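Keep in mind that what you see is a predicted model, and the values were worked out from it rather than measured.
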Amino acid sequence: MRTNWLRFLLLAAGLASTAPAQRVAATIDAAKPGSPISKLMFGGFIEPATTSIWAEMLSDRKFFNEIDSQPDPAPPANGAGRMMGAARRWRPIGPDGFVTMDREQAYVGEHSPVVRLEQAIPHGIAQAGLALRGGQAYSGRIVVAGSPGAKIEVTLIWGTSPGDRQTVTLRSLSGRYTTFPLKFTAAAESDDGALEIAGTGSGSFHIGAVSLMAADNVEGFRPGMIRKLKEQGITLTRWPGGNFVSAYDWRDGTGDPDKRPTRMDPVWRRLEPNDVGIDEYAALNRLLAAEPYIAVNTGFGDAHSAADEVEYVNGSPDTPMGKLRAVNGHREPYNVKIWGIGNEMYGPWQFGYMSIDQYWVKHNMIVQAMKKVDPTIKVIGAGASIEEVSWCAIEEEQFSRRAKLSMKLPIEYGSAADWTGAMLAHSADYMDYLAEHFYAYPLMYFDAAAQHFVDANDPLVDQVRRLPNKVQFKFEAWQEYLKRMPFLKDKNIKFAFDEWSPRMQTTQGGRGAPGGAQQTGGRGAAGPGGASAGMASPLSLALTYHEMFRHSDMVAMSVNTGGMRGVATDRTGDGTGFRLEGLVMKIMHDHFSGSMPVSVTGNSPQRPIKGTVGVDTSAQPSGSPTYPLDVFAALSADRKKLLISVVNPTESAQEADLSITGVQVSGRVRLWQITAPEASAANAAIQGLAEVPVSQAPGRVAAPPTSVSVYELELR
């Protein structure tokens with residue numbers, strides 16, 4: 001009885017904290033629509049260069065690592081090596097001594113495996129842990145060289161019985177590396193399939209490279225991922241990162257994929273096979289019908305390399321780099337317009353980091369060189385307002401523990417740490433867009449007196465307000481920069497919010513309810529990107545889209561860090577459905593891309609939340625004055641529909657009276673809703689988006705708990 005009474009008190013307290021004192025009333029005035037919402041608001045983030053969208057099934061397919069039977073090394077303490085888990089390794093078939101790494105006859109990289117043969121006893125290499133589908137065809141290739149007396153068999157295995165395998169025999173070997181095609185069909189499902197490359201006979205054989213994909217891949221990409229990402233509404237892709245780009249050489253990703261060197265990426269401590277380079281990235285955007293956004297290396301990179309990269313991508317086949325592109329099979333230029341100049345160059349975690357008084361010089365030099373090659377490109381400068389620098393500084397000390405806090409937070413405008421201020425002062429003529437990143441901890445807030453994050457223990461309605469408040473602060477900061485630098489009023493610099501996401505963790509580093517798994521990616525990410533079983537992450541995304549939409553005149557593009565992980569995958573890694581975060585992007589893209597925001601007023605202002613202005617919150621709360629609901633409205637591009645999005649970030653049903661002026665509603669209305677599923681696995685195909693029957697235009701909106709509702713009203 002005492003437990004039930006306590007639950008009642010806690011529930012009553014929660015309801016009291018989110019229930020408005022009066023009935024919420026919202027008025028939509030559609031008489032004066034704003035600037036159209038950019039169709040590039042629905043971007044996805046790709047880091048590193050070759051990600052799981054690529055269909056390759058084999059790890060280390062060009063043999064960067066030694067091949068032996070020794071235990072796997074411990075995973076790295078930080079970086080994507082930790083996030084992604086240990087990569088599958090090649091193991092010898094038979095004793096280790098029959099497989100060695102030959103540096104004299106290496107096919108690609110520093111060495112290639114050579115297998116010594118022993119007549120009828122098979123020797124070679126194998127890789128296990130492959131997820132296979134029953135009835136699925138697989139195709140690939142292998143590059144080998146061998147003695148005339150060698151007989152090589154490549155076998156796909158899906159079970160323990162002698163018949164649970166299919167073998168391709170390679171004939172007519174020579175001392176020169178030759179590429180042989182591979183084709184298999186798995187007869188049964190397996191989570192621990194294997195590929196064996198074994199030989200018998202006399203002499204030896206070298207293996208240069210091997211590749212295996214499901215035969216239904218689309219130009220090397222997973223077909224389900226392509227289909228679902230396109231359906232989700234990805235309109236822009238940012239590649240290849242992210243921190244990764246600061247140590248990346250774009251040249252490594254050109255030419256014959258089997259001859260591209262595998263590199264140990266020093267940023268995330270993982271192997272980068274360079275199978276996805278510029279040409280494959282261009283194909284991906286063509287398949288998605290998305291706008292490409294290429295980030296150039298301004299860490300270890302230089303102006304000459306950046307200019308060459310632009311020429312490879314956009315130059316005519318008569319130019320040196322354009323000629324190389326044509327030799328690689330792509331004669332016509334790609335005409336990529338959006339180019340990011342570095343990534344988070346304000347952070348000491350960035351490879352090639354330098355102080356702002358040096359970096360702005362490098363930025364300007366690189367932009368000059370790139371625009372000399374193609375004056376039509378649009379470039380994005382790496383910015384960081386005082387909020388981003390402050391937030392990163394305490395994150396580095398408190399969680400990453402890579403740096404000691406050397407200043408009191410928040411930092412001041414105009415100080416040496418005000419990165420955006422310095423970039424605008426010195427590089428405004430060398431940028432078309434200003435990049436601003438923002439992350440938030442919904443379950444924590446920054447305590448200014450203690451100078452560190454503390455657990456917030458506040459209701460969901462406050463948790464999900466932390467990320468959109470970061471957007472609000474960006475515009476508060478912009479107004480301050482305009483006061484300090486009036487010349488900016490004559491520029492047409494717009495924001496590129498090209499990395500943003502919530503991070504659902506507590507001060508202890510674990511995940512907290514109700515946010516579920518952390519939305520990951522980018523700096524300090526702490527997990528492999530699973531979807532939240534709760535609603536804190538998807539609701540944070542929905543409110544953040546609302547806030548960016550309200551400033552459509554200033555936001556040119558947006559890239560959600562977890563945007564490419566909005567697709568739910570099956571056991572093989574291919575796309576099958578949508579995670580809740582992916583459904584949020586889908587509903588926002590499908591209804592608001594290209595639409596024109598209209599005014600929403602109300603009688604219930606949003607409330608301040610815990611936090612510190614200039615670190616993790618804004619001076620004025622984000623959102624519409626319809627607390628606890630958040631309402632955004634827009635006219636469709638053809639002005640034939642009024643679109644209304646209502647986010648209920650509370651755990652109880654909410655209602656609001658609705659008035660519409662400035663347009664005449666015909667009476668026909670449709671409604672789509674995202675609601676919390678009753679139960680879902682982190683990697684399941686979540687079907688939480690549904691169209692709900694509505695009989696007439698609403699004079700009152702009823703929002704289910706933790707939901708996103710989008711109304712579409714036809715106009716006369």
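Within the 4.5 Å cutoff, the side chain of Ile28 has no heavy atoms near those of the Thr661 side chain. For the pair Ser593 and Phe42, the minimum side-chain heavy-atom distance is below 4.5 Å. Put simply, the side chain of Val665 does not reach to within 4.5 Å of the side chain of Glu714, judged on heavy atoms. The side-chain heavy atoms of Arg639 and Leu715, taken from C-beta on, include no pair separated by under 4.5 Å. Using a 4.5 Å heavy-atom cutoff, the side chains of Pro410 and Thr612 are in contact. In this structure, Ile380 and Ile341 have side chains that are not in contact, with every pair of non-hydrogen atoms separated by 4.5 Å or more. When side chains are defined from C-beta on, Leu580 counts as touching Met535, because their heavy atoms get closer than 4.5 Å. Between Ile294 and Ile338 the shortest side-chain heavy-atom distance does not fall below 4.5 Å.
In terms of modelled atom types and a separation under 3.5 Å, the side chain of Asp498 and the main chain of Arg238 share no donor-acceptor contact. Put simply, the side chain of Ser558 gets close to the backbone of Met41: a donor and an acceptor are under 3.5 Å apart. Without hydrogens or angle criteria, Thr27 side chain to Thr601 main chain gives no donor-acceptor distance under 3.5 Å. For the pair Ser390 (side chain) and Ile411 (backbone), a donor-acceptor distance under 3.5 Å is present. Checked by atom type and distance alone, the side chain of Asp29 never pairs as donor or acceptor with a backbone atom of Ser599 at under 3.5 Å. A donor-acceptor pair under 3.5 Å is absent between the side-chain atoms of Lys39 and the main chain of His589, judged by distance alone. When atom types are taken as modelled, the side chain of Thr544 and the backbone of Ser540 share a donor-acceptor pair closer than 3.5 angstrom. A donor-acceptor contact shorter than 3.5 Å is absent between the side chain of Ser595 and the backbone of Ser636. In this structure, Asp574 contributes its side chain and Gly224 its backbone to a donor-acceptor pair below 3.5 Å. Looking at Arg466, its side chain never comes within 3.5 Å of a backbone N or O of Tyr445 through a donor-acceptor pair.
For Asn648 and Ser707, the side-chain atoms include no donor-acceptor pair closer than 3.5 Å. At a cut-off of 3.5 Å, with distance as the only test, a side-chain donor of His546 or Ser645 sits close to an acceptor on the other residue. Donor-acceptor pairing under 3.5 Å is lacking for the side chains of Ser622 and Gln606. Side-chain contact of Glu651 with Thr706: a donor-acceptor pair under 3.5 Å is absent, judged by distance alone. For the residue pair Lys228/Thr576, the side-chain donor-acceptor check at 3.5 Å is not satisfied. At a cut-off of 3.5 Å, with distance as the only test, no side-chain donor of Glu388 or His437 sits close to an acceptor on the other residue. Side chain to side chain, Asn285 and Thr237 meet the donor-acceptor criterion of an N or O pair below 3.5 Å. A side-chain N or O of Ser652 and one of Gln654 form a donor-acceptor pair less than 3.5 Å apart.
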List the steps and the verdict of side chain to side chain contact (heavy atoms under 4.5 Å, CB included) for Ile226 and Leu284. CA-CA 8 Å; Ile226 294 296; Leu284 173 63; 3.5 Å; yes
Does the salt bridge (Lys or Arg N to Asp or Glu O under 4.0 Å) test come out yes or no for Arg23 and Glu655, once each step is laid out? CA-CA 8 Å; Arg23 178 182 289 279; Glu655 291 187 345; 3.2 Å; yes
Apply the test ring-ring contact (aromatic ring centres under 6.0 Å, His included) to residues Phe438 and Phe497: give CA-CA distance (whole Å), side-chain angles for both, the deciding distance (0.1 Å), then the verdict. CA-CA 8 Å; Phe438 56 96; Phe497 292 140; 5.5 Å; yes
Does the side chain to side chain contact (heavy atoms under 4.5 Å, CB included) test come out yes or no for Leu689 and Lys586, once each step is laid out? CA-CA 9 Å; Leu689 172 61; Lys586 176 175 172 55; 4.2 Å; yes
Take Trp391 and Lys470 through the test side chain to side chain contact (heavy atoms under 4.5 Å, CB included) and record every step on the way to the result. CA-CA 11 Å; Trp391 193 87; Lys470 291 293 199 86; 3.5 Å; yes
Would you check, one step at a time, whether the test side chain to side chain contact (heavy atoms under 4.5 Å, CB included) holds for Leu443 with Gln463? CA-CA 6 Å; Leu443 305 180; Gln463 295 174 20; 3.3 Å; yes
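Between Ala656 and Leu629, the closest heavy-atom pair is CB-CD1, 3.7 Å. Smallest separation of non-hydrogen atoms from Val631 and Ser624: N-OG, 2.9 Å. Shortest non-hydrogen contact noted between Glu712 and Leu643 is CG-CD2, 3.8 Å. Between Tyr346 and Ala384 the shortest heavy-atom distance is CD2-CB, 3.3 Å. Taking each heavy atom of Ala290 and Leu236 in turn, the nearest pair found is CB-N, 4.0 Å. Nearest heavy atoms, Val555 versus Ser38: O-CB, 4.0 Å.
Between Phe592 and Phe632, the distance separating the two ring centers is shorter than 6.0 angstrom. Separation of the Phe453 and Tyr441 ring centroids falls under the 6.0 Å cut-off. Aromatic pair Trp500/Tyr545: ring centres closer than 6.0 Å.
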Using atom types as modelled, flag every donor-acceptor pair under 3.5 Å from a side chain in residues 668-676 to any protein atom, sequence neighbours excluded.
unit_1, atom_1, unit_2, atom_2, d
Arg670, NE, Glu691, OE2, 2.7
Arg670, NH2, Glu691, OE1, 3.0
Arg670, NH2, Glu691, OE2, 3.2
Gln673, NE2, Ser709, OG, 3.0

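Arg227 has no carboxylate O lying under 4.0 Å from a charged side-chain N of Glu231, or vice versa, which leaves the two without a salt bridge. A salt bridge links Asp657 and Arg700; the closest N-O separation between the charged side-chain nitrogens and carboxylate oxygens is under 4.0 Å.
Stacking of Arg503 on the aromatic ring of Tyr439 is recorded, both the 6.0 Å distance cut-off and the 45° axial limit being met.
Residues in residues 614-630 take part in these salt bridge (Lys or Arg N to Asp or Glu O under 4.0 Å) pairs, two or more places apart or across chains: Arg465-Asp630, Arg550-Asp630.
Partners of Ala542 according to the side-chain contact (heavy atoms from CB on, under 4.5 Å) rule, which considers only residues two or more places apart in sequence or in another chain, are Val584, Met588, Val647, Val708.
Of the inter-residue distances, the one linking Gln232 atom CD with Asp590 atom CG reads 10.0 Å to the nearest 0.5 angstrom. Here Glu412 contributes atom CD and Ile386 contributes atom CD1; the two are 8.5 Å apart, rounded to the nearest 0.5 Å. Put simply, CE on Met225 and CD1 on Ile53 are 5.5 Å apart, with the number rounded to the nearest 0.5 Å.
With respect to Trp478, the ring-ring contact (aromatic ring centres under 6.0 Å, His included) criterion is satisfied by exactly one of Tyr413, Phe495, Phe473: Phe495.
The number of heavy atoms from other shown groups lying within 6.0 Å of CD (Gln620) does not exceed 12. Counting heavy atoms of neighbouring residues, nucleotides and ligands inside a 6.0 Å radius, atom CZ of Arg286 exceeds 12 of them. For Lys474, the NZ atom is densely surrounded, since the number of other residues' heavy atoms within 6.0 Å is greater than 12.
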